Amino acid sequence: MGNYNFREIEEKWRHFWDENNTYYTDVRDFSKPKYYILDMFPYPSGQGLHVGHPRGYITTDIVARMKRMQGYNVLHPMGFDSFGLPAEQYAIKTGNSPIDFTYKNIDNYIRQMKLMGLGYDWSKKIATCDPEYYKWTQWMFKQLFLDGYAKYEDCPVNWCEELGTVLANDEIINGKSERGGFPVVRKNMKQWVINIPTYAEKLLEGLDELDWTEQAKTTQRNWIGKSKGANITFEVSGTKEHFTVFTTRPDTLFGATYCVLAPEHKLIDTITTNECKKAVEEYKKICLTKSDLERTELNKEKTGVFTGAYAINPVNQAKLPIYISDYVITTYGTGAIMSVPAHDQRDYEFAKKFNLDIIPVIEGGDISVQAYEADGKHINSDFLNGLDKQEAINVMCKYLEDHNLGKATTSYKLRNWIFARQRYWGEPVPILHNGDECIALEDEELPLELPKLKDFKATNGQAPLESAEEWKYVNRNGKTYKRETSTMPSSAGSCWYYMRYIDPHNDDTFADYELMKHWLPVDLYVGGSEHLTGHLIYSRFWNRYFYDKGLVPHKEPFKKLVNQGLILGPNGEKMSKSKGNVINPDDIIAEYGADTLRLYEMFIGPITDTAPWDTSNIEGVKRFIDRIYRLYFELDYINDKQNDAVTKVYHETVKKVTENFEKLEFNTAISQMMIFINTVYKEKQLNNTLAENFIKLISPICPFIAEEVWQQVFKHNESITTAKWPTYDENMLKNDTFELVISYNGKFISKQATPMNTSKEELIKLAKDYYNAHPKDGKQIKNVIAVENKLVNIVLE
RNA sequence: GCCGAAGUGGCGGAAUAGGCAGACGCACAGGACUUAAAAUCCUGAGAGGGCAACUUCGUGUGGGUUCAAGUCCCACCUUCGGUACCA
């Protein structure tokens, strides 16, 4: 008993699938409906996969397998987001090449994935660090450059000194670098930036048509951060200078008592009076050296200094002192605000600290305590008096526009995408510099390959490629140009990889348009929610830009998105090397087999929830697989007889499993399959045909044992992967009778078998008869509620 | 602070067009098989009370709607995730 040798069996089918190219997809076969199912491709780290990673991969593998069996032409590829910091740091530390390191890791990932039985079509494999791939990343960047979306400009960036590079907003967590947790400061630098904010509106609109959770959409909407308001121009008193503020509350303009410029604001030097110069300079210096974390620390006291200059309120000519303070951010709005302390808590705190006027312009609240930010009738506001917030905003906007003092504007939190890293291990930027002139490489010069370096370390804040002396200089049209020595961020290659899978070896274009038209958008995309504000914004932008250019056939790349939950370590903490709670799938597979690992990860709970790893539960699902094995190979329950109880459960199971798989509810699908197997064990009987079909049902989750049964027991020569998915008979699910629930005052009392579709009148009669036979405390029936085919509730006095 | 998700046995979790709470599994207990153990098979089980049929209490807390609430409404508490002075 129990001699299920999973090691031998799994090894056998692994080879069989490899040798028979079982998971190969012919993308030019349009005869069947298509289904494109995609995982977020991993960064191939040196540690390999832990058991948390495959949760998503198993999910997509199950759906891919079912869809294949349902007659779809399924594209289910995998690749590697293989540029990135860890390989470079490893190279610096060990003196090895990041290239060899990366490819070695990729091989290990592929080995692990095959070990788990993930049915990827490896002929479509891509790696973003392959020159054949990044040729097109560079080509696409070139288009962005030629169209003016990618610019080389002086801009405030997030600088990480320890990493020696700039970082994007989504690479910073709590003011520290995502990689390494080092402090990040603000700095002005000439950098490659991509103007995504111009696509903010399109990215917002595009969300509406997507089959994503509201949560995912909301996260993106918040990140894009659309605010309606107005830009208002203020003259600087006694000068010819002026500046513009952005406000969402133009209706409170009469309550403005001062203005604040961000410390980086260009006008500061011009307008600061001599008496204030010293203090202003000092304050600016402090701001520059503060890390982002220090600048945004919780409950921080407001700081700032007076410039000595005054702005003129355009609607009532009031003189407003101009301050600078780091509570105003240079990268949002115009980097300048008008302050209305009566109706904005931040302004209120600043005003209290610096003893500035607080003038209420809206009724309600108590401004001796705090700012009043709610709606109300306007006061002290001339032509706005008596109006509520929205009316006042409309009237003020019209007034500003009519008098050429400002205009209604929309602002977004979404910022420029800093598209350069002072790193080696990334795509070279295909640009040549000569002074202020930037030119793109010719298409024939792509890919621009990374030169081999001896030392990958950045010195003196310079990019590692600065040391590639020969590579660095290029003659063109009689002039000497210097190559761009920053490389692209790792989010570059992941912006379009889902296109390349469709046509991975095309040398003429990034992907054939007709093939993309057929295969895109991705039908189901599974990956972690941490990518919502990075990768999933960038790739949607990338796709939309190329759609607008007519090079990509669909507006949106990912029709349905699912974010799988984390698997925590046995101690309930996030798995990490440093916490020592990492579980390696290789170990689990060696001990229990890949089928068990897959089944366990799917049985653990809803895939969108976080769940702790619990080894004792693995034993339970292993037991279930053993029961299946025994049923097919050892017990003699399977024959050509029929058994009504089993047949009924069988049809329920086909229905439930099919529906559950479709909705990615694997834990309940597995429960149902357990119920089926329990029934068979109880009845000690299973019809041949049902036995053959049941193994198909479980094959997406447990492909190894399913293949073993399919080929050894049922003597098929082809993989179960190509079998036809079972269907159920709706008639078999119907019953002649149902269990009528009888309750008193809503409390369950009893139930009795009753013919289906018994009329309400008869149910009520039944209920009354029942009550007469089983009265309670001599109480009288007040009412009887009957629900057909379900219950009767007897309401007592 | 703001946005989002979630609180159900000893544990992971089922059940929402409102209708038998705790499916399925783990751990636990008992039985069968065995010289014995493991494995396997069968049975039991939310908590309290009763020999018992039975009975009371039970889905984070407090209210409410309803014949009927884990499910709907209001207020609150807790946990997790995201975000961070966005004017």
Side-chain angles (χ1 to χ4, degrees), chain A residues 1-3 169 173-175 213-219 221-223 225-227 229 245-249 252 260 262 292-293 295-300 302 325-329 331-340 343-347 349-350 411-415 529-530 532-533 563 565-566 568 572 600 603-606 608-621 623-624 626-627 630 634-635 665 667-675 677-678 681-682 739-751 782-787 790-796:
Chain A
M1 286 289 247
N3 56 352
N169 288 327
I173 291 167
N174 288 332
T213 58
E214 271 314 307
Q215 190 185 353
K217 290 187 191 183
T218 306
T219 303
R221 286 194 189 106
N222 290 345
W223 189 263
K226 178 178 182 175
S227 301
V245 305
F246 172 73
T247 178
T248 54
R249 298 294 305 273
T252 62
V260 185
D292 265 27
L293 189 62
R295 249 175 107 149
T296 59
E297 245 172 336
L298 280 170
N299 302 325
K300 191 191 72 155
K302 297 277 180 293
S325 171
D326 64 1
Y327 85 92
V328 175
I329 297 166
T331 47
Y332 180 75
T334 58
I337 61 162
M338 64 176 205
S339 291
V340 185
H343 304 292
D344 181 292
Q345 188 58 28
R346 293 157 303 180
D347 296 345
E349 286 163 18
F350 191 88
S411 228
Y412 301 90
K413 286 187 202 170
L414 190 66
R415 298 187 203 171
S529 58
E530 69 272 19
L532 278 169
T533 52
N563 295 123
L566 285 176
L568 306 173
Y600 171 68
F603 190 57
I604 199 167
T608 50
D609 289 5
T610 53
W613 185 265
D614 180 355
T615 308
S616 68
N617 276 324
I618 299 179
E619 306 278 353
V621 296
R623 211 167 288 161
F624 175 56
D626 287 342
R627 273 160 81 83
R630 275 195 298 280
E634 291 172 7
L635 299 170
E665 294 167 348
N667 54 335
T668 49
I670 294 165
S671 292
Q672 183 61 39
M673 290 192 271
M674 287 172 167
I675 290 170
I677 290 295
N678 289 349
Y681 268 68
K682 194 166 179 178
E739 292 286 319
L740 176 72
V741 169
I742 299 165
S743 57
Y744 294 176
N745 287 336
K747 282 194 173 178
F748 172 80
I749 295 298
S750 175
K751 56 186 168 185
K782 203 163 102 188
N783 192 12
V784 178
I785 308 284
V787 180
K790 209 165 246 171
L791 61 85
V792 285
N793 186 24
I794 299 162
V795 186
L796 302 172

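Keep in mind that what you see is a predicted model, and the values were worked out from it rather than measured. Chain letters run A, B, ... following the sequence lines, proteins first and then strands; every chain starts at 1.
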Suppose we screen for side chain to side chain contact (heavy atoms under 4.5 Å, CB included). Which residues come up paired with Asn745(A), at least two apart in sequence or across chains? Val795(A), Leu796(A)
Apply side chain to side chain contact (heavy atoms under 4.5 Å, CB included) to Ile337(A) and list each qualifying residue two or more places apart in sequence or on a separate chain. Val260(A), Tyr327(A), Val328(A), Ser339(A), Asp347(A)
Please state the P separation for the pair rC28(B) and rA38(B) - nearest whole angstrom. 11 Å
All ring pair (Phe, Tyr, Trp, His ring centres under 6.0 Å) counterparts of Phe748(A), not counting sequence neighbours: none
Is the distance from OP1 or OP2 of rA87(B) to the nearest side-chain N or O of Tyr327(A) less than 4.0 Å? no
Sugar-phosphate only, base, or nothing, as touched by Arg415(A) at under 4.0 Å among non-hydrogen atoms: base
Can you list the residues that meet the ring pair (Phe, Tyr, Trp, His ring centres under 6.0 Å) rule with Tyr744(A), with sequence neighbours excluded? Tyr771(A)
Protein heavy-atom contacts under 4.0 Å, written 5' to 3' over nucleotides 11-27 of chain B as B (base), S (sugar-phosphate only) or - (none), form the string -BSS----BB--BBBSS
Just how far, in rounded Å, is P of rU83(B) from CG of Asn222(A)? 11 Å
Please enumerate all residues that pass side chain to side chain donor-acceptor pair (under 3.5 Å) together with Asn617(A), with sequence neighbours excluded. Asp614(A)
Whole-angstrom distance between rG64(B) and rG70(B), as gauged at atom P: 15 Å
Applying side chain to side chain contact (heavy atoms under 4.5 Å, CB included), name anything that partners Glu349(A), two or more places apart in sequence or on another chain. Lys302(A), Gln345(A)
Using the P atom on both, measure rG48(B) against rG9(B) and round to a whole Å. 14 Å
In whole angstrom, what separates Lys226(A)'s NZ from rC3(B)'s C1'? 18 Å
Answer yes or no: side-chain N or O of Lys302(A) and base N or O of rC85(B) forming a donor-acceptor pair under 3.5 Å. yes
Give me the stems containing RNA chain B, sorted by first residue, counting only three or more consecutive Watson-Crick or G-U pairs with both distances under 3.5 Å; say none if there aren't any. B:1-7 with B:77-83, B:10-12 with B:24-26, B:28-32 with B:40-44, B:46-49 with B:54-57, B:60-64 with B:72-76
Syn/anti label of rG9(B) as read from its glycosidic torsion, with the cut at 90° from 0: syn
Atom P, compared across rA6(B) and rA37(B): separation rounded to whole Å: 48 Å
Residues at least two apart in sequence or cross-chain that pass side chain to side chain contact (heavy atoms under 4.5 Å, CB included) with Ala611(A), listed by chain then number, are Arg55(A), Ile604(A)
Length of the line joining Leu532(A):CG and rG82(B):P, which is rounded to integer Å: 11 Å
Gap between atoms CD1 and P, on Ile794(A) and rA68(B) respectively (whole Å): 14 Å
Residues that Phe603(A) engages under ring pair (Phe, Tyr, Trp, His ring centres under 6.0 Å), provided they are two or more places apart: none
Integer angstrom distance from the P of rC11(B) to that of rU59(B): 15 Å
Rounding to an integer number of angstrom, what distance separates rU8(B) and rC80(B) when you compare their P atoms? 14 Å
Nearest-Å distance, CG (Asn563(A)) to C1' (rG4(B))? 12 Å
Under 3.5 Å, which protein N or O atoms sit close to an N or O of nucleotides 28-31 of chain B? Give each pair with its distance.
none

Is the phosphate of rA39(B) approached by Arg630(A) (side-chain N or O, under 4.0 Å from OP1 or OP2)? no
What nitrogen or oxygen pairs link the protein and nucleotides 70-72 of chain B at under 3.5 Å?
none

Using the C1' atoms only, state how far rA32(B) lies from rA39(B), rounded to an integer number of Å. 14 Å
Describe the nucleic acid contact of Thr608(A) in one word from base, sugar-phosphate, nothing, applying a heavy-atom distance below 4.0 Å. nothing
